[in-house]
Colleague: 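Pasting a structure below so you can have a look.
FYI, side chains are in, hydrogens and waters are out, and symmetry mates aren't considered; it's all heavy atoms of this structure.
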Amino acid sequence: MINVIIAGPRGKMGSEAVNMVTNEENFRLVACLDRKNSGRTLKDLPEFPGLDIPIFEDIDQCFENVEADVLVDLTVPEVGYVHTKKAIENNIRPVIGTTGFTNEQITELNEMAKSKNLGGIIAPNFAVGAVLMMKFSQMAAKYLPDVEILEKHHDNKLDAPSGTAVKTAEMIREAREYKKQGHPDEKETINGARGAELDGMRIHSVRLPGLVAHQEVMFGGAGQTLTIKHDSLNRASFMDGVKLSIEKVFDLNELVYGLENII
């Protein structure tokens with residue numbers, strides 16, 4: 001039995017994770033971390049009738065009172081970073097679905113996990129289909145190096161571009177030489193019209209109500225185009241990846257970045 005703490009249970013992702021963990025025979029939800037409702041239980045909230053699970057606001061207090069194997073964090077980058085450090089310090093394996101970590105933070109957290117021989121994962125996207133989209137894009141870039149990424153998310157997302165888009169570009173960068181795209185004399189008449197640039201690639205972010213998580217990777221070549229697209233239509237699409245991560249962190253001895261490392 002794997003004992004799990006979930007940070008951010010009232011969020012859309014967090015509530016899906018609570019339902020997934022409580023419905024899995026091999027998982028046991030032992031506590032939740034929430035910036036509100038400390039001292040209460042999940043059954044006190046209208047979303048979770050019947051779940052007698054304690055809620056803590058202070059992570060140190062939570063770890064002192066609850067025995068856990070895995071921390072699932074689905075909050076925001078600033079909180080997720082602190083939670084990940086605390087989890088590693090307490091020998092609890094972090095499974096982090098929060099994007100927006102800096103490279104320096106990821107390196108620091110990985111070094112901490114390695115020093116403790118502790119497995120963990122930070123996943124920009126928990127949807128298995130999204131990870132396949134990234135892998136297929138990396139394969140295609142070897143033959144079609146001209147590429148632009150269009151990512152579309154709900155209008156409450158805090159970071160832009162998305163962690164998935166950045167991770168996709170980083171994976172593509174491993175498969176192709178640097179290439180500055182577009183006309184050499186190209187000029188933006190409105191600043192930002194061509195999107196962000198990473199290694200010559202362009203990344204475009206859309207934020208609108210009604211969207212969940214969507215990405216297109218568009219390749220262009222002589223007389224042809226190729227588009228690799230993934231759509232998450234609801235948050236349930238991420239739960240297979242969360243479940244897999246909870247199980248697989250026990251096979252790791254370091255913190256990895258990206259679900260592709262365990263698929």
Side-chain angles (χ1 to χ4, degrees), residues 77 94-107 109-110 113-114 119-153 157 159-182 194-206 211-233 237-245 247-249 251-263:
V95 172
I96 311 300
T98 305
T99 61
F101 287 87
T102 66
N103 290 333
E104 291 76 16
Q105 288 174 330
I106 293 170
T107 299
L109 295 169
N110 186 35
K114 276 185 177 179
I121 183 169
I122 299 173
N125 198 318
F126 277 117
V128 173
V131 176
L132 294 175
M133 174 265 297
M134 289 188 274
K135 281 181 169 285
F136 297 156
S137 297
Q138 186 180 43
M139 294 168 60
K142 182 177 179 181
Y143 304 99
L144 295 169
D146 289 273
V147 55
E148 302 215 3
I149 298 170
L150 174 64
E151 59 94 351
K152 299 177 284 186
H153 283 79
K157 186 170 178 59
D159 55 320
S162 68
T164 299
V166 174
K167 180 66 174 177
T168 303
E170 290 172 347
M171 290 174 65
I172 288 173
R173 180 167 56 187
E174 296 173 3
R176 93 199 226 292
E177 297 293 329
Y178 171 85
K179 182 175 185 182
K180 184 172 175 59
Q181 298 174 185
R194 290 288 290 118
E197 181 179 345
L198 196 158
D199 206 54
M201 292 172 273
R202 293 291 181 171
I203 304 176
H204 310 267
S205 297
V206 174
L211 297 171
V212 178
H214 316 263
Q215 181 165 293
E216 299 177 30
V217 187
M218 298 168 284
F219 298 89
Q224 62 179 320
T225 61
L226 169 67
T227 300
I228 301 172
K229 181 181 179 183
H230 177 264
D231 296 287
S232 281
L233 305 179
S237 64
F238 304 117
M239 290 306 110
D240 283 346
V242 176
K243 177 179 180 292
L244 180 66
S245 297
E247 295 168 338
K248 290 292 186 180
V249 285
D251 299 330
L252 302 172
N253 57 9
E254 63 179 326
L255 182 77
V256 299
Y257 181 66
L259 198 64
E260 71 277 4
N261 291 286
I262 62 172
I263 290 181

Colleague: Considering all heavy atoms of both residues, which atom of Asn103 and which atom of Glu170 are nearest to each other, and what is their separation?
Modeller: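 Scanning both residues, the minimum pair turns out to be OD1-OE2, 4.3 Å.
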Colleague: Give the minimum heavy-atom separation between Phe238 and Ser232, together with the two atoms involved.
Modeller: CE2-OG, 3.5 Å
Colleague: Please say which of Thr164, Asn125, Thr168 ends up in a side-chain hydrogen bond (donor to acceptor under 3.5 Å, both in side chains) with Gln215.
Modeller: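 Between Gln215 and the candidates, side-chain hydrogen bond (donor to acceptor under 3.5 Å, both in side chains) is satisfied uniquely by Thr168.
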Colleague: Could you measure the distance from the CG atom of Leu255 to the OG1 atom of Thr107? Nearest 0.5 Å is fine.
Modeller: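 Answer rounded to 0.5 Å: 10.0 Å.
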Colleague: Please check if any side-chain donor atom of Glu151 sits under 3.5 Å from a side-chain acceptor atom of His153, or the reverse.
Modeller: yes
Colleague: Applying side chain to side chain contact (heavy atoms under 4.5 Å, CB included) to Phe219 and Asp146, what does each step give before you reach the verdict?
Modeller: CA-CA 6 Å; Phe219 298 89; Asp146 289 273; over 6 Å; no
Colleague: Between Arg202 and Glu197 (salt bridge meaning N to carboxylate O under 4.0 Å), is one present in this structure?
Modeller: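 Result for this pair is yes, salt bridge flagged.
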Colleague: Taking all non-hydrogen atoms of both residues into account, name the closest pair between Phe126 and Leu259 and its distance.
Modeller: O-CD2, 3.6 Å
Colleague: For a 4.5 angstrom cut-off between non-hydrogen side-chain atoms, does Lys167 reach Tyr257?
Modeller: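 Yes; the side chains approach each other to less than 4.5 Å.
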Colleague: Looking only at non-hydrogen atoms, find the nearest pair between Val249 and Gly120 and report the distance.
Modeller: CG1-CA, 3.8 Å
Colleague: Check step by step if side chain to side chain contact (heavy atoms under 4.5 Å, CB included) holds for Ile263 and Leu244.
Modeller: CA-CA 9 Å; Ile263 290 181; Leu244 180 66; 4.0 Å; yes
Colleague: Evaluate side chain to side chain contact (heavy atoms under 4.5 Å, CB included) for Met201 paired with Glu148, printing each intermediate quantity in order.
Modeller: CA-CA 6 Å; Met201 292 172 273; Glu148 302 215 3; over 6 Å; no
Colleague: Does a salt bridge link Glu254 with Lys114, judged by any charged N lying under 4.0 Å from a carboxylate O?
Modeller: yes
Colleague: Once you round to the nearest 0.5 Å, how far does CG of Leu132 lie from NZ of Lys135?
Modeller: 8.0 Å
Colleague: Drop me the distance from Ile172's CD1 to Ile149's CD1, to the nearest 0.5 angstrom.
Modeller: 4.5 Å
Colleague: Please examine the side chains of Leu109 and Ile96, heavy atoms only from C-beta on, and report whether any two atoms are closer than 4.5 Å.
Modeller: no
Colleague: Would the number of heavy atoms belonging to other residues, nucleotides or ligands and lying under 6.0 Å from NZ of Lys248 be above 12?
Modeller: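 Not buried by this count: 12 neighbours or fewer within 6.0 Å.
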Colleague: Can you name the closest pair of heavy atoms from Ile121 and Ser245 and give their distance?
Modeller: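 The answer is CG2-CB, 3.8 Å.
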Colleague: Mind checking the OG-NZ spacing from Ser205 to Lys152? Nearest 0.5 Å is all I need.
Modeller: 12.0 Å
Colleague: Is a side-chain donor or acceptor of Arg176 paired with a backbone partner of Lys142 at a separation under 3.5 angstrom?
Modeller: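 No; zero donor-acceptor contacts below 3.5 Å.
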Colleague: Answer whether the closest heavy-atom distance between the side chains of Glu260 and Met171 falls below 4.5 Å.
Modeller: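 Contact flag for Glu260/Met171 side chains = yes.
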Colleague: Nearest 0.5 Å, please: how far is CD in Gln181 from NZ in Lys179?
Modeller: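 Result: 6.5 Å between the selected atoms.
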Colleague: Find out whether His204 and Arg194 are in side-chain contact, i.e. whether some heavy atom of one side chain is under 4.5 Å from a heavy atom of the other.
Modeller: yes
Colleague: Looking only at heavy atoms, what is the nearest atom pair of Ile203 and Ala169, with distance?
Modeller: CD1-CB, 4.1 Å
Colleague: Apply side chain to side chain contact (heavy atoms under 4.5 Å, CB included) to residues Thr227 and Val217 and explain how you reach the verdict.
Modeller: CA-CA 6 Å; Thr227 300; Val217 187; over 6 Å; no
Colleague: Is Ile122 close to Val95 at the side-chain level, that is, under 4.5 Å between some pair of heavy atoms?
Modeller: no
Colleague: What distance do Leu150 atom CG and Met218 atom CE have between them, rounded to the nearest 0.5 Å?
Modeller: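 With rounding to 0.5 Å, CG (Leu150) is 5.0 Å from CE (Met218).
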Colleague: Got more than 12 heavy atoms from elsewhere within 6.0 Å of CD, Gln224?
Modeller: yes
